[in-house]
Structures are given as structure tokens and as C-alpha cells.
Amino acid sequence: MQPRSHFEALDAADPLAGLRQQFSLPPGVIYLDGNSLGVLPTRTAARIAGVVSHEWGEGLIRSWNSAGWIDLAARIGDKIATLIGAGPGEVVAADSTSVNLFKVLAAALRIARENDAQRTEIVSELGNFPTDLYIAQGLADLTGGAVTLKMVEREDILKTLSPRTAVLMLTHVNYKTGAMWDMPAVTQAAHDAGALMLWDLAHSAGAVPVDLRAAGADFAVGCGYKYLNGGPGAPAFVWAHAQHVERFWQPLSGWLGHAAPFAFTPDYQPATGIARYVCGTPPVLSMAALECGVDTVLAAEPLGGLAALRAKSMTLTDAFVAQVEARCAGMGLTLASPRDATLRGSQICFAHANAYEVMQALIARGVIGDFRAPDILRFGFTPLYTQHADVFDAVEHLHAVLSTGEWRDARYAKRNAVT
Ligand SMILES: Cc1ncc(COP(=O)(O)O)c(C=O)c1O
């Protein structure tokens with residue numbers, strides 16, 4: 001257990017500490033939920049105001065050209081590409097993660113089928129984020145049973161791969177435990193089994209270094225509103241390996257993914273490359289906010305970029321585990337994340353029998369994390385704005401909530417729609 005002065009000294013010596021100035025953090029809040037919704041960047045409000053009053057208000061329809069609205073998907077995609085080991089022109093910002101999963105799963109299944117007709121199975125982890133599994137189920141249903149989804153326990157994933165596997169679909173960092181797959185090794189195992197590899201980077205992009213090209217992955221999707229700080233419901237992103245670039249199919253063949261949208265021809269002709277993964281008109285206000293969010297992560301580049309952010313994240317999460325286990329020993333908490341920082345993303349989860357109530361009591365005190373059923377207290381650490389002193393202060397609040405039984409107050413048992 002360390003005194004607050006220990007954490008204050010770490011903050012004083014932290015070369016990334018200044019990056020926090022990029023954010024509008026409400027006073028009195030210790031925010032440990034950037035893995036659900038990133039904090040508002042200070043630049044976003046002015047940018048949105050400018051887009052509304054100048055680009056929309058004055059530029060009107062002209063702004064599609066003059067303000068570059070039509071280029072937003074590719075421009076933001078190129079910025080995100082630098083964070084995930086993809087090349088320029090390989091990523092677009094578009095739609096939601098769920099919708100992008102549908103597109104790339106459909107594409108992967110088609111490529112696999114063309115290569116080998118017996119490869120009709122999607123393999124995934126039972127503990128994957130539900131939307132990944134639901135989208136795969138919906139797609140399987142659409143094929144009338146020709147495609148199936150096989151969901152297995154995490155430890156059984158690799159031995160489940162077979163000559164029937166078309167695509168292995170995994171989330172790089174698990175939403176509930178923070179456990180992180182070894183991307184190059186798992187991708188290699190999928191390829192050795194003749195399957196394609198699809199990664200969901202929702203909890204990775206902007207949080208941990210990712211090198212999709214080096215890993216040889218085939219497809220990836222990810223989220224704009226978590227560690228990319230793009231705002232509630234921000235557009236997501238999608239990547240396909242350049243080797244598939246002329247083969248991947250876009251099942252949601254909307255007009256803005258057409259080779260020549262303003263030719264208005266009746267037949268669909270996909271645009272070259274990743275541009276075909278745009279479907280319809282992008283939400284310009286949300287795109288502008290996403291770009292501001294991505295820029296907050298890119299601002300770490302001169303300070304060592306994701307490698308430096310990752311090092312700070314590992315220090316923060318290690319310190320949190322050590323402090324909780326020392327200060328709150330015997331209070332019913334069990335670590336639910338890998339103890340080894342290299343095996344987890346940027347979050348720490350503890351199981352507790354009354355996790356929901358405990359989290360509500362913490363939130364009432366201004367320590368914001370979240371709850372994942374049935375018993376997980378989830379704390380996200382975003383080194384762009386999380387301070388070392390936040391670790392100490394959050395644990396002091398957790399200790400107070402548990403040691404006094406504060407969480408037993410009836411108001412903390414009321415279940416909200418979003419937990
Ligand atoms: C792994 C993963 N995929 C996808 C999503 C969400 O997808 P969408 O933005 O389409 O709601 C989440 C949300 O937390 C997630 O954790």
C-alpha cells in the first residue's frame with residue numbers, strides 16, 4: 001500500500017501528464033470509464049460549433065466539397081490507421097462496430113467459400129461481446145443455415161479450428177475481463193488452420209499498440225467512442241488487409257460505397273479498396289467529433305505514442321490492483337483481470353457479490369466506472385487523462401464504500417437501463 005505522496009510523485013514525473021489538458025474533465029470526478037465512453041476533448045465543442053454555424057449554416061450543401069465533408073471517412077480512417085498498424089487508404093470511419101462486423105463477416109465468409117466450399121463456420125468465443133455473436137447469428141440466419149456460428153470457451157478456441165472454419169472472429173481485449181489475445185500468434189493459428197482472422201479492436205484502438213499488418217490479420221473493426229474519445233455513438237471504423245482489397249464484398253451496397261456515386265447509374269459498382277465499406281451518407285457532426293477525439297490520441301505521438309501510453313497504462317493498472325488488494329483486503333473483492341499487465345488491456349475488473357450496488361455508491365461519490373453482469377466492477381484507465389493520484393483516490397473511495405457498508409443504501413440497488 002502506498003501513500004498519496006507516492007502517486008503525486010509519479011504524476012510530477014509523468015511526461016504524458018500534460019495530455020490531460022486536452023480534456024474537459026468535470027471537477028470532483030475520477031473518471032475510470034474511458035473504455036465505455038471517452039472524456040470530452042476541449043477542442044470538440046468549438047469544432048462542432050464551427051461545423052454547425054459555418055460549414056452547415058453558411059456553407060450549406062457546398063460544404064460537402066468546400067469543407068471536405070465527403071473526405072471525412074477516409075481522412076479519419078487514415079488517422080486511425082496509424083494507431084492500429086494499417087496503411088493509408090486501408091481504413092474508413094463509418095457506421096457502428098456492429099454494422100461493420102456484419103460487412104466484414106459477410107466478406108470473409110464469401111472469400112472463404114470461394115476458396116473452399118466446405119468452409120462455412122464462424123468460430124468465436126462464448127465470452128465475446130454479445131453484439132459480435134448476435135451479428136454472426138443474424139448473418140447465419142440470413143443464409144438459411146448454410147453458415148453456422150460455433151461459440152466455445154476461450155481456452156478451446158484454437159482446438160476448435162477445423163477444415164470447416166471460414167473465419168475466426170475475436171475481440172482482442174475482452175470487454176469483461178480485459179484479457180488480451182496474442183494477436184500475431186492467434187492470427188497465425190487461424191491461418192495455419194486455413195481460416196481468415198477478424199479482430200474486434202473496440203477495447204484496443206487508442207489503448208494498446210496494435211499492428212494488424214505485422215500480425216497478418218485479414219479484417220478488423222473498432223469503436224470510436226471508447227479510447228478514441230469520439231463522443232457518444234461516434235462512428236466506428238473498419239479495415240481489410242490490402243491482399244483482399246479487390247475481393248472483399250460489401251453486403252450493404254449503398255450509394256456512397258459506389259465507384260462513382262454521382263454518376264447515379266442503376267447498377268452497383270463498388271469503389272476501389274476500403275472506400276466501398278462506406279454505405280450511406282456519413283453523420284458529419286459525429287464525424288467531426290470523432291476526428292477531434294482521434295487527434296487527442298495522435299497528440300501523444302511526439303511523446304512516444306501508443307508505446308508510452310501503454311507503459312503508463314500498465315503502471316496505472318498494476319498500481320490499482322496492488323492498492324485495492326492491500327487496502328480492501330478481506331472485503332469480498334476478487335481480481336477478474338489477468339494479473340500480468342502484458343496479458344490485459346487498459347482496464348481492471350474485480351468481482352464482488354454486490355458489484356452493482358458498490359459501483360452505484362462509487363459513482364455517487366464521483367468515482368465513475370461501470371458494472372457488467374453478473375458481478376463485475378469494471379475500471380478503465382485512459383493514460384491520456386487518468387492520473388496516478390486518481391488510483392489512490394479511487395481506492396480510498398472504494399475502501400470507504402465497502403468498509404462502512406455504504407453500498408447497502410436502498411437507492412444503490414435500483415437498476416438503471418444502462419449499467
Ligand atoms: C467488443 C465490442 N464490440 C462492439 C461494441 C459495441 O458496438 P456498437 O458500437 O455497434 O454498439 C462494444 C461495446 O462496448 C464492444 O465492447
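Counting starts at 1 for both ligands and their atoms, in listed order.
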| request: Carefully, step by step, assess His203 and Asn35 under the rule side-chain hydrogen bond (donor to acceptor under 3.5 Å, both in side chains). | output: CA-CA 6 Å; His203 294 271; Asn35 53 328; 4.8 Å; no
| Run the side-chain hydrogen bond (donor to acceptor under 3.5 Å, both in side chains) check on Asp192 and Gln188 step by step: do they pass? | CA-CA 6 Å; Asp192 290 347; Gln188 187 59 52; 2.8 Å; yes
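In the displayed structure, Trp249 atom CH2 is contacted under 6.0 Å by more than 12 heavy atoms of other residues, nucleotides or ligands.
At a heavy-atom distance under 4.0 Å, only side-chain atoms of Thr131, from C-beta outward, approach ligand 1. Contacts of Asp132 with ligand 1, taken as heavy-atom pairs under 4.0 Å, involve the side chain alone. Contacts between Ala202 and ligand 1 below 4.0 angstrom, taking non-hydrogen atoms only, involve the side chain exclusively.
Between Phe392 and Phe7, the two ring planes are tilted [angle within 30° to 60°]. Between Tyr385 and Tyr31, the angle of the ring planes lies from 30° to 60°, which puts this pair in the tilted group.
Of the options Asp200, Val99, Leu201, the smallest heavy-atom separation from atom 3 (N) of ligand 1 is shown by Asp200. Residue Lys226 holds the heavy atom nearest to atom 13 (C) of ligand 1 of all those in His203, Lys226, His172, Lys176.
Using a cut-off of 4.0 Å between Lys/Arg side-chain N and Asp/Glu carboxylate O, Arg213 and Asp211 are scored as not salt-bridged.
Looking only at protein heavy atoms, the nearest one to atom 10 (O) of ligand 1 is Ser98 OG, 2.6 Å. When only non-hydrogen protein atoms are considered, atom 12 (C) of ligand 1 lies nearest to Phe129 CE2, 3.4 Å. In terms of protein heavy atoms, atom 9 (O) of ligand 1 is closest to Tyr225 OH, 2.7 Å.
For Asp375 (side chain) and Ala353 (main-chain N/O), no donor-acceptor pair under 3.5 Å exists by modelled atom type.
The shortest N or O to N or O distance between Tyr175 and ligand 1 is not under 3.5 Å.
The contact set between ligand 1 and Ser96, taken as ligand atoms under 4.0 Å from a residue heavy atom, comprises 10 (O). Near Thr171, with a cut-off below 4.0 Å to any heavy atom, the atoms of ligand 1 are 1 (C).
None of Lys312, Arg339, Arg344 except one satisfies the salt bridge (charged side-chain N to carboxylate O under 4.0 Å, His left out) rule with Asp318; the exception is Arg344.
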